[in-house]
Each structure stands twice: as C-alpha cells, then as structure tokens.
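Letters go in sequence order (proteins before strands), and every chain restarts at 1.
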Amino acid sequence: MLLPVLALAAAAAVTPERVERLMRQAVVVDLHCDTTQLIVDEGYNLGERYSYAQVDIPRMREGGVSGIFLSIYTSPRRLTPAQAMRQALVQIDAVRREIRRHAKDLAPAVTAAEVLAARKQGRIAVLMGVEGGHMIDSSLAILRTYFELGARYLTLTHGSNTPWADSSGDKPAHNGLTDFGREVVREMNRLGMMVDISHVSDKTFYDALDTSAAPVIASHSSCRKFSPHARNMTDEMLRALGKKGGVVHINYYNGFLDGDFESRYNALKGEQAREDQLHKLFPNDPRRRVAEQRKLDARRTAKLGRVPLSRLLDHFEHAAKVAGIDHVGLGSDFDGVNDQLPEGMEDISKIPNLVRGLMERGFSDADILKILGGNTIRVMRDVERAATR
Amino acid sequence: MRLFIVPLLAAIAAAQSPVDPARVERLLERAVVIDLHSDTTQMILEEGFNLAEAHDYGQVDIPRMRRGRVSAVFLASCPNSRRLTGLESVRRGLEEMDAIRREVRRHPKDLALATTAGEILAARKQGRIAVLTGLEGGHIIDSSLAVLRTFFDLGARYMTLAHFSNTPWADSSNQPPKSNGLTAFGREVVGEMNRLGMMVDISHVSDKTFYDALEASSAPVIASHSSCRFYSSHPRNLSDDMLRALAKKGGVVHINYFNPYLDEKFREGAREVIAFSGPRTGPERRKANAERLARLGRVPFSRLLDHFQHAVKVAGADHVGLGSDFDGVSDQLPEGMEDISKTPNLVRGLMERGFSDDEILKILGGNTLRVMHEVEKAARR
C-alpha cells in the first residue's frame, strides 16, 4: 500500500530525470526575440554559437526550443512610418534568408500545425511578428502584405502612439483605438493574424479586447504587481485577457520583472545618455554601434546585478493564478532588452531552469507543458480558426 | 484546261483569304494565350474595377478574356515613377500587388494566382485564367535588393528595369542618359533577378541599358511590351539589331499594341498620352481618351500584323509574343484589337499572312512558356 503513494510523491519530486523527461515532451515556443536586429545589423549567423546575445541554433537546441517568433522591429521615433515599412521589409527578407541558410535546423512556419510539423522533423520553427503598428503606415494593404510575407502577429503599437492606437509609452492621443484602429483589428481577425497588445496603453488594450473576434495575446509583457511599469499588465487586464481566451507571454526583462531594478536602471543617467547618442555617433556603422551597445550593457549588468530567477517564477505563478493556467506562455524579449536578464535565464538555452523552477513551485507537468508552448499552440489555432479569409 | 485551272485558283484564294473559321477555332482551342502586360491594376485599385463584370470601357475583364481565349495575363504593378519618390513607389507597389491578389482571390472559379509556366498550364487545365504580376519600373525597389526579393516573394515574375524615368542604376529610353546604361548596382540587380528566377524586362529602357542587361544576364531576357522601330521610330521600340540580339539570347519580344508605337504617323500621339497629367483612371481620363481617339483615329489592323511579321522575320518565330499594354495606353489601340477579346482577329490575321498553326501557337504563348521555363531553370535560389 505504501509503494504507490511513494511513487506518486516521487513523480512530483523535482529530479533531473523529470526535467529531462518533460523537456523531451514539451513543445517550447518563445513569442518574442529581437535577434533579427543582430542578423541585419552585424550579419549575426544563427548557425554559430555566440558568447554574447541570447539566441542561436546551438543554444535553442539546448533550450529544447520548438518554435520562435523573430520580431520585426523598427524605431517609430527615428523613422517615418514609410521608412519603417521599408526597413520592416528588409528585416523580413533577412529572416527568410537566414532560415533558408540553415534549412537543416530551421523551418519557416506560419501556423500551429507547421510548428508541430517542424518539431517532428527535428527542426526549429521560425515565425515572425511585427512589433509596432507604425510599420503598416496606416494601410490595410501593407498589413496584408506582412501577413502574406509570413508575419503572424502585429503588436498594435510600439513605444509611440500610431495615428490609430495609443501606446503605453506615450501621452494618450486617441483614447485607445480609433475607428481605423478597430478596422485594423478586424482585418487581423479576418486574416488570422494574432492581435498583440504588448506595448499598448491600458485603454487600447481594452478597446482591442472589445473589438477582436478572436483571442488576443500579449507577446512579451509581465505582471504590474511586481513592477509598476506601464508595459506590464494589471491583474484586471490579466483576467480580461484570460477570459477572452488569450495568452500573456511573460517578458524576462529585469526592469519589467522587478520595480526596484527598474528604478536603479533609470538612475544610471550616464549610460542612458550614452545609449541615446549611439545612433548619432555611428549612423552608418551598425556593427560598431552594436559593439558599443554591448559594452554599455555589460557595464550596466556589472553595476546593477541580475534579478533572481525566483522573481521570474513569481511572474509565471502570479499570471497563472490570475489569468489561469491556460493563459500563460513565454515571451522572453531576448536580444531586445540590453542583456538585462535574470540570473539563470541569461539566454535561450536556460529553459530547463524555468522548468525546474516551476516544478519546485509545485506546478504539474501538464501545467508546465501548457506554459512552455501548449497554450500558444492553442491560441494560434483559435486565431487560425476564427479567420474568414 | 479549265479543269486544270480551277484547283489552282482555289489554292491561290486559300493562301490569301478568307481563312476557314473552323481553323481559327481549332487553333484557339489548343492555344495557350498569354499576354505579358496589362495595366488593369490601376483601375482595380483606384476605382474598384471588378474583373468579373463585363465593362463597356477598359480592355480587360473575365468575360472578355474568356472570349479572347486567354490562358494567362500579367498584371503590372506600376507606381508612377515621375510623381513618386522611391520610397513612395515601394509602398504603392505593395498596395498594387495586394489589390491584384485580392481581386484574383475574389474570383476563384475564373482566376488563379500563378508564378510559373507550370502553374499557368495547371490553371488552364482547371479552366481558370492564370494571373501573374510584373513590376513596371526598377524605381519600385528603391535601390534595395531586399525589396526586390520581397516583390519576388509576393509573386512578381518580371521587372522592367526602368519606366519613364531613369532609376539611380538604369537609364530609361524616355530621358537623357545619366548612367550610360546600367551601373554596377544595376548589374547586381540583374544578377539577383537571375538568381531568383525573375525575368529581366528591357521594355522602356535605353538602348545602352538594353545591351548592358543582355550582357549582364545569365538567362534569356524579355521585352514585356515593345514593338518594332522599323514601323515607328519611337525609342520605346526595338531596332532590328536589338530584335536580333534579344533572340540570340533566347529572349522573347512581346508586341505592344499602342498606336504610336505601331505607326510612325501616330508617333507624335505618344507624347501627348505620356505627358497627360490628369488622373490615371476614372471617367475624366476616359473622356480625354475618347476625345483623343476621335481626333487621331485608330491604326489599321494590318499594321499590327506588320509588327508580328517583322519581328518574326528578324528575331525568329521562337522569339515573339503578346504584350498588349491594354489599359495602359489610354485606349489608343488599333482597329480590330480594341480589347483583350479580339485574340481571334489576330489569329485570323496571322493565318492570312501565311503563318503556320505551329508558328501562331508559339506567338500566342508557347514562346512565353518556354522563356519562363528557361528563366526558372536558370534560378539558383
């Protein structure tokens, strides 16, 4: 009689074997990596293993990654919308070329089924998300063009308002979504493109939820409970997103994870000023700029240290509690956060640490599988099914 | 004696005309008819032109393509190179490509998006008309190979290196030379098109750009819509030397039906049409077109046949095709070729001129399928 009980207890215990077993079973999908910028700016080769940055094929293999969304990001502040559109095309082209260049390891994908098919072939699925509505230059035709080229989510804004949606990083100009903004959301629904509310203002968030006929995602946002940053989500927002069938993909940036870290980060005025100058100092030398940025990031990390992994676990635990276990996923923001990442989550190879941590917090294997990618696969399918193309 | 003469007369009559309508019909049933250049895109985007409806204006819609036995049509994406910046042209080009895709998807029973020779034949088997896209003017890539590849990914299968303006890397036939043909980057563009499997189109470019492109390209090169300088000295047309060089490269010249390019007497009309500064589409434009047509008249059909005959004589029967320029020439079209439904007239006319069925089949589309296939084979993606 005792043996089965012990066996049950053993199954719940955290052992390297249990971690290993779960990793083999898991479909791991990361909704947001900014590695695209490195590919374009310095010819970063995903096939090599790097001692810097966070994402390459060897490290994705170690992290058991099945699918990754590379973000198409352009600055809404430095570029006009039309310039941003052209740069987005350059980035999409770069991602597609990088995938073809490593055809043994990477597979282009646009659907949940294609993520699973790539996994079966032992390849990592690469998808794309467009990070910022400014890149459609207020044109549904351009939105459809991105979809046609393979992008499967659009973040409605980045850090600046678009002419049709307010950002969390700007003063409100439209009180959320304009009529055209609602049209954008409906067109995304029709196409089967995920509506991403990371970066938007709280009002835009609720307007998007209200407008969308399909579940909505946060591709890389954390919980405001632990850091009051406007980029994070309140408990009410988490609940509303969960109710809509959406998924919040937790962002690993230290400043979003920990309010205290964010204050200390912002206090580093010298580094901030230097960072603001880099684009002016090296306008035509992106390699040099990226190298200088890395030096700056290392200096920051030396001064500020890293947030402990337990704080990252707090976010997963809180989001699961408030939004529901079916509504949490991974949205690292790797290569997009100046290397300011928690201890034990320094790059994409560290996913086993997350699995172990969640096990230690008492999550069941089934729950962890949902967080790692199961929920994302489900929401992708829901959005695909809701499409009326 | 009399008995001997009658068959001889009959034979002479058959060689001249009239052609047996059954022969025309039989040939049209077999033919793969491909038009390399129609500008209907602008009307689709700007006035919601619905390809499924029969119109009493414009030149291309599904009912008329059916009557013209069309298997495939290339719709051009053609941002106005004289009014838009490079960046604006990219954006407009994407909108035009989007409009084409949507219009084709809206009529899935009749139309099919296609990008290869194989897909044209597959659509034809299903009873659908294949719609392909070509980029009219290198300005559309804003000097970026990434943007060129983007348009290829979106389905474009030829690019005219320059339109009415010089690009920063290729001279147009419509402006004073600036780069003496193709620049080094222009050659890179041609090389990248070869690599992708995108046809290099030399319509609109300067003579020097033409020869540079021929030299730079590792695959056959096309003229998507150009006629013979022999009958109209317009710089948009090809000289006999150019026709020969294009053919030697394995390319195809697709004959343009625009009156000023067909006949020297109409040549001056081109200036007026090209310089027209009003809207590109809509009732105001159509009114101006009709007024001009009433004033200038139409070129006789025989002159259009002259171009096909001359191009075949100089370039060879394997190197001539159809490049109407329908909906892009302000309705200034020859008698009997007023719209895309008139393909049977062309077939009959070519028969009357003594072309064999095989030659006519090549001109109607066989040559285009061959050149597409060769460009696809030469690709190294």
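Between atom OH of residue A:Tyr146 and atom OG1 of residue B:Thr150 there is a gap of 9.5 Å, rounded to the nearest 0.5 Å. The structure places CG of B:Asp98 at 8.0 Å from CD1 of A:Ile142, a figure rounded to the nearest 0.5 Å. Once rounded to the nearest 0.5 Å, the distance linking CD of B:Glu95 with CZ of A:Arg144 reads 9.0 Å. Atom OG1 of A:Thr145 is separated from atom CG of B:Leu154 by 6.0 Å, given to the nearest 0.5 angstrom.
Judged purely by atom type and a 3.5 angstrom limit, B:Arg149 has no side-chain atom pairing as donor or acceptor with the backbone of A:Ala94.
Nearest approach of B:Arg91 to A:Ser139, heavy atoms of both residues: NH2-CB, 3.4 Å.
In this structure, chain B has heavy atoms under 4.5 Å from both the backbone and the side chain of A:Leu89. Interface remark: B:Arg101 contributes side-chain atoms only to the contact with chain A (heavy atom separation under 4.5 Å). Contact annotation for A:Gln83: both backbone and side-chain heavy atoms come within less than 4.5 Å of a heavy atom of chain B. The part of A:Arg100 that comes within reach of chain B is its side chain, from C-beta onward, which places non-hydrogen atoms under 4.5 angstrom from that chain.
A:Glu48 CD: more than 12 foreign heavy atoms inside a 6.0 Å radius.
Ranking A:Val90, A:Ile92, A:Leu140, A:Asp137 against chain B, the residue ahead of the rest is A:Asp137, based on heavy-atom pairs under 4.5 Å.
Electrostatic pairing of A:Glu148 and B:Arg102 does not count as a salt bridge here, judged by no charged N lying under 4.0 Å from a carboxylate O.
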